[in-house]
Participant: 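The structure under discussion is supplied below as structure tokens; questions concerning it will follow.
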Amino acid sequence: MAKSSDAKGLTPRAQDYPQWYQDVIREADLAEPAKVVKGCMVIKPYGYAIWEKIQRELDARFKDTGHSNAYFPMLVPQSFITKEAEHVEGFAPELAVVTHAGGEKLEEPYVIRPTSETIIGHFFAKWISSYRDLPMLINQWANVVRWELRTRMFLRTTEFLWQEGHTAHANHAEARSEVARMLDVYGDFARDVMAMPVIRGIKTETEKFAGAHESWCIEALMQDGKALQAGTSHDLGQNFGKAFDVKFQREDGELDYGWQTSWGVSTRLVGGLVMTHSDDAGLVLPPRLAPIHAIIVPIYKNDEQRARVMEAAERIKRTMQDIDFSDPRCRYRDFLTVEIDDRDMRPGAKFYHWERRGVPMRIELGPRDLDKGQICVKMRTGGDGKKEFLPEAEFLGSVRQRIDDYQQMLLDAAEQRMADRTVTLDTWEEFMAAFGNDDSTFAWCHWDGTKETEAAIKAATKVTVRCIPLPGQGPAPEPGLCIKSGRPSTQRVLMAKAY
RNA sequence: CGGGGCGUAGCGCAGCCUGGUAGCGCGUUCGGUUCGGGACCGAAAGGUCGGAGGUUCAAAUCCUCUCGCCCCGACCA
């Protein structure tokens, strides 16, 4: 149970990072543990609003890249799961199984989908018979269940929300370009929308998706130095094609199995968002994902003042809500969301309230401002943290830029932190120093490419190979010696402790 | 699943060792005064002490079991 915090503050990150993380979520009213359902959480309206923004952005990007949404059953015949050998092995331990329904024992149990490769494979087999049916580009927004031994809010819950893209292609090259393309969609989204820089790379054999030929990923650096796998894009090869008999006739007349991909991001992104930007005062949100962009706090001492202030507040709200801050890279229009907090509380209490919720911009509006025709504005974080006073017209003209600057500032800060906390290590002594105690960081190290060494490093330090960087994502490839075994290596890989 | 911690009012906690029938802070409700960084006064509501057994004249307190949460580990988005 959460303990050390009180109503007036959060546990400082330096004192207890995991506790701080929970405090932020609770104080920002993002979610709460369901308790009555093991390992599950309730995503509360404010937290869900963030997820909806993530969905909207990503969905637009999926549509832009030619994908269509569809929906497949949540219950999957148990026999489906067992068709792909590696897939069963990977998922068997975390399956929830439905054995009874309608008051009777089922002849064949259903598993609650941990992911949908199998059931979608089944339908792809029905839908695909010719190269003319390809590529098949499908996405599904869904919930999945994985019976994890240990859960953490947003980062790993028994049930979680995600999207899973599933595509089938006529040849491996095309499938691979899809894998790369969607990884870029994720990477760009993380950077441009979440203001969360990521490293794009390829998973090692041990870390790849159960059943995949190869797994690509984006890895983000959290404030405690740990890595968060924020998205994956899998080259499934023909593994599921063969398991589910997804056969099609090629242009040359020969029969072949479909080359498939799958890719996904989940509500885990919300956890990543929290651990990328938030501070000891609570949640910090990038404007592109903030449910509320600006909060107006009216200040008054009597009814006469209240009437004046509220009238002005409404006027400013209307003007601001018409400000279009759409991302030019996106199709849909986006306008600022502005709210007035007219609750019967002291202004100071309201300030803290909205700071904990990460609202990017605060406007204080009192009689003094009205008399001077000025606006008092303060951003949630960044700059010198001071309130600014400027003429109303000038303020309104600057809002769009302020919002954009704030988004950029969060990205800059996150990139700076990543740069500061990324090291290049060459010796095991350096390695142990960097990862001693509970410390973590992003470390570029040589690795001999073997599972044995990977396991030895993990056993000694809990550090894993997060990914083998894609071109341009890490130090330029150069030969070297494995940090652990001393054997030859052709390039450095990203190592860190992971969530 | 192993090790550790913890479940007492909406939230955060004390009480438990040394059984005697539940308390503090914040919040909530009502009234009033307040209002530019977490207001104050007055009144009030709110808990079968996670659940089930057991010991006892008597259990929040002792014992057993069980459910859940948090941290560490193994597994994973």
Side-chain angles (χ1 to χ4, degrees), chain A residues 1-11 16-19 21-23 26-27 29 32-41 89-95 114-115 144-164 186 203 206-210 215 217-220 228-234 262-272 281 297-303 305-306 309 342-356 362-370 374 376 378 385 387 389 438 455 458-459 462 464 498-499:
Chain A
M1 272 275 97
K3 284 296 165 305
S4 57
S5 62
D6 63 31
K8 290 263 166 76
L10 295 83
T11 306
D16 185 342
Y17 192 81
Q19 184 61 55
Y21 175 73
Q22 293 178 71
D23 288 351
R26 173 169 39 77
E27 292 298 316
D29 215 21
E32 66 180 55
K35 305 230 176 168
V36 289
V37 187
K38 186 174 168 56
C40 291
M41 68 191 287
E89 197 188 331
F91 282 104
E94 45 190 79
L95 293 178
T115 177
V144 289
V145 167
R146 297 181 184 179
W147 214 258
E148 303 288 355
L149 298 178
R150 182 175 167 198
T151 57
R152 298 182 198 219
M153 301 269 275
F154 287 111
L155 301 175
R156 179 169 299 101
T157 46
T158 300
E159 179 186 11
F160 58 94
L161 306 181
W162 76 348
Q163 65 57 223
E164 43 180 329
Y186 289 153
K203 285 296 184 189
T206 19
E207 297 272 333
K208 79 173 170 62
F209 175 75
S215 289
C217 62
I218 53 173
E219 296 283 328
L228 183 75
Q229 181 181 126
T232 47
S233 184
H234 311 293
S262 67
W263 27 272
V265 297
S266 70
T267 37
R268 163 178 271 195
L269 289 178
V270 178
V297 179
I299 293 159
Y300 46 78
K301 294 189 198 303
N302 53 50
D303 286 348
Q305 286 185 352
R306 180 177 184 283
V309 167
D342 190 31
R343 292 175 298 169
D344 183 20
M345 293 165 64
R346 303 282 291 235
K350 295 178 184 178
F351 300 161
Y352 286 105
H353 176 88
W354 295 108
E355 280 170 6
R356 285 198 298 274
R362 180 178 86 218
I363 295 162
E364 296 174 31
L365 198 62
R368 294 209 296 266
D369 305 304
L370 297 190
Q374 71 181 12
C376 170
K378 182 175 186 302
K387 297 175 185 178
F389 297 87
D438 204 28
K458 186 176 183 181
K462 296 172 202 160
T464 50
Y499 272 101

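Here is the naming used below: chain letters follow the sequence lines, and residue numbers restart at 1 for every chain.
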Participant: Which nucleotide, in any strand shown, forms a Watson-Crick or G-U wobble pair with rG23(B), with both distances under 3.5 Å?
Facilitator: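 Because both required distances fall under 3.5 Å, rG23(B) counts as paired with rC13(B).
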Participant: Counting Watson-Crick and G-U wobble pairs only, both distances under 3.5 Å, name the nucleotide matched with rU48(B), or none.
Facilitator: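 Looking at the geometry, rU48(B) pairs with no nucleotide.
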Participant: What integer distance in Å separates K378(A):NZ from rG37(B):C1'?
Facilitator: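 That distance rounds to 9 Å.
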Participant: Could you tell me the separation between the CG atom of D303(A) and the P atom of rU34(B), rounded to a whole number of Å?
Facilitator: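 Rounding to the nearest Å, CG of D303(A) and P of rU34(B) are 11 Å apart.
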Participant: Atom CD of E148(A) and atom C1' of rG68(B): how far apart are they, to the nearest Å?
Facilitator: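 Those two atoms, CD and C1', are 18 Å apart.
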Participant: Does T151(A) or Q229(A) map to a spot on RNA chain B nearer the 5' end, using the closest nucleotide for each?
Facilitator: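 Going by which nucleotide is closer to the 5' end, it is T151(A).
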Participant: Check whether any side-chain nitrogen or oxygen of K458(A) sits under 4.0 Å from OP1 or OP2 of rC75(B), and answer yes or no.
Facilitator: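 K458(A) to rC75(B) OP1/OP2: side-chain N or O found under 4.0 Å.
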Participant: Remember a base hit wins even if backbone is also touched, and classify D438(A) as base, sugar-phosphate or nothing at under 4.0 Å, heavy atoms.
Facilitator: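 Counting heavy atoms under 4.0 Å across all strands, no contact is made by D438(A).
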Participant: Quick one: does NZ or CZ of R152(A) land under 6.0 Å from the six-membered ring centre of Y21(A), within 45 degrees of the ring axis?
Facilitator: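 Verdict for Y21(A): no cation-pi partner in R152(A).
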Participant: Please tell me if R346(A) has a side-chain N or O lying less than 4.0 Å from either OP1 or OP2 of rG36(B).
Facilitator: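 For R346(A), the contact criterion (side-chain N or O under 4.0 Å from OP1 or OP2 of rG36(B)) is met.
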Participant: To the nearest Å, how far apart are R26(A) CZ and rG10(B) P?
Facilitator: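 For the pair R26(A) CZ and rG10(B) P, the rounded distance is 15 Å.
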Participant: Can you tell me how far P of rC70(B) sits from CD of E32(A), to the nearest Å?
Facilitator: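 Going from CD in E32(A) over to P in rC70(B) covers 12 Å.
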Participant: Between D29(A) and R356(A), is the salt bridge (Lys or Arg N to Asp or Glu O under 4.0 Å) condition met? List the steps.
Facilitator: CA-CA 9 Å; D29(A) 215 21; R356(A) 285 198 298 274; over 6 Å; no
Participant: Counting only side-chain N and O atoms of K462(A), is one of them less than 4.0 Å from OP1 or OP2 of rG73(B)?
Facilitator: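 Yes, such a contact exists.
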Participant: Reading RNA chain B from 5' onward, which residue's closest nucleotide shows up sooner: E355(A) or T157(A)?
Facilitator: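 Going by which nucleotide is closer to the 5' end, it is E355(A).
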Participant: Step through it carefully: locate the ring centre of Y499(A), locate the ring centre of F154(A), and say whether they are under 6.0 Å apart.
Facilitator: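 Not close enough - the centres of the two rings lie 6.0 Å or further apart.
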Participant: Can you find a heavy atom in the side chain of F351(A) that is under 4.5 Å from one in the side chain of R362(A)?
Facilitator: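 Yes, side chains in contact.
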Participant: Under 4.0 Å: is that the gap between some side-chain N or O of Q22(A) and OP1 or OP2 of rC71(B)?
Facilitator: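 Yes, because at least one side-chain N or O of Q22(A) sits under 4.0 Å from OP1 or OP2 of rC71(B).
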Participant: For M345(A) and rC26(B), what is the distance between atoms CE and C1' respectively, to the nearest whole Å?
Facilitator: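 The answer, rounded to whole Å, is 13 Å.
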Participant: Rounded to whole angstrom, note down the P distance from rG46(B) over to rG38(B).
Facilitator: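 Roughly 32 Å separates the two P atoms.
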Participant: Taking atom P of rG68(B) as reference, at what distance in whole Å does atom NZ of K38(A) sit?
Facilitator: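 Rounding to the nearest Å, NZ of K38(A) and P of rG68(B) are 5 Å apart.
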Participant: If you measure from the ring centre of F351(A) to the centre of the six-membered ring in the base of rG38(B), is it under 5.5 Å, with the planes under 30° apart?
Facilitator: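 One would not call F351(A) stacked on the rG38(B) base.
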Participant: Return the value, rounded to whole Å, for the distance between atom CD1 of I299(A) and atom P of rG38(B).
Facilitator: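 Whole-Å distance recorded here is 11 Å.
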Participant: Please step through salt bridge (Lys or Arg N to Asp or Glu O under 4.0 Å) for the pair K387(A) and E364(A), ending with a clear verdict.
Facilitator: CA-CA 9 Å; K387(A) 297 175 185 178; E364(A) 296 174 31; 3.1 Å; yes
